[in-house]
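Worksheet: the structure to be examined is printed underneath.
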Amino acid sequence: MYLLEVLSGPLDGKTWSFDQEIVIGRDDAVATACLALDRYVSRRHAVVRSAGDGLMLCDLESRNGTRLDGIAVHGDVQLAAGTPFVVGRTVLRVTRT
């Protein structure tokens, strides 16, 4: 089980738990982790998936992109638990529970 946490942004401190996958976006009809207050987040912005013993982060062709270590995410990239990443103007991280 994993925990997605907002480290900075309009929803600072907000968390969501997930097992296999979590969709991050601005529209709660299509995103499990809804960041409605960040106007730089797309309806369906990014997804984090468990993959074996690790995690994968994928940008869903969002308008403003997803960044990991300051680099734009294209396709699936490996995401180490606890590593911050940016969606819109919101900083997030995933940890194991």
Quick one: pull up [atom1] in [X] and [atom2] in [Y] and give me the separation to the nearest 0.5 Å.
X	Y	atom1	atom2	value
Thr32	Leu4	OG1	CG	10.0 Å
Lys14	Cys34	NZ	SG	9.0 Å
Asp27	Ser42	CG	OG	11.0 Å
Asp59	Leu68	CG	CG	11.5 Å
Leu60	Thr66	CG	OG1	7.5 Å
Leu37	Arg89	CG	CZ	14.0 Å

Does some side-chain heavy atom of [Y] sit less than 4.5 Å from a side-chain heavy atom of [X]?
X	Y	result
Leu3	Phe18	no
Arg44	Val23	yes
Thr90	Leu11	no
Glu21	Ser50	no
Thr83	Asp69	yes
Ile22	Trp16	yes
Ile24	Leu35	yes

Give the minimum heavy-atom separation between [X] and [Y], together with the two atoms involved.
X	Y	result
Gly88	Asp38	C-OD2, 3.8 Å
Met1	Ser17	CE-CB, 3.7 Å
Arg43	Ala31	O-CB, 4.0 Å

Is it true that a side-chain atom of Arg26 and a backbone atom of Val41 form a donor plus acceptor pair closer than 3.5 Å?
yes
Would Thr15 and Glu5 satisfy side chain to side chain donor-acceptor pair (under 3.5 Å), going step by step from the backbone distance to the final call?
CA-CA 4 Å; Thr15 62; Glu5 175 184 12; over 6 Å; no
Between Asp76 and Arg49, does any NZ, NE, NH1 or NH2 come within less than 4.0 Å of an OD or OE carboxylate oxygen?
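Yes.
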Answer yes if [X] and [Y] sit in the same cluster of Ile, Leu, Val, Met, Phe, Trp and Tyr residues linked by side chain heavy atoms under 4.5 Å apart, and no otherwise.
X	Y	value
Val87	Leu79	yes
Val47	Val6	no
Val77	Leu92	yes

Does Glu61, at its CD atom, have more than 12 non-hydrogen atoms belonging to other residues, nucleotides or ligands within less than 6.0 Å?
no
Where do Phe85 and Leu57 land on the side-chain contact (heavy atoms from CB on, under 4.5 Å) test, with the steps shown first?
CA-CA 9 Å; Phe85 61 98; Leu57 172 64; 3.9 Å; yes
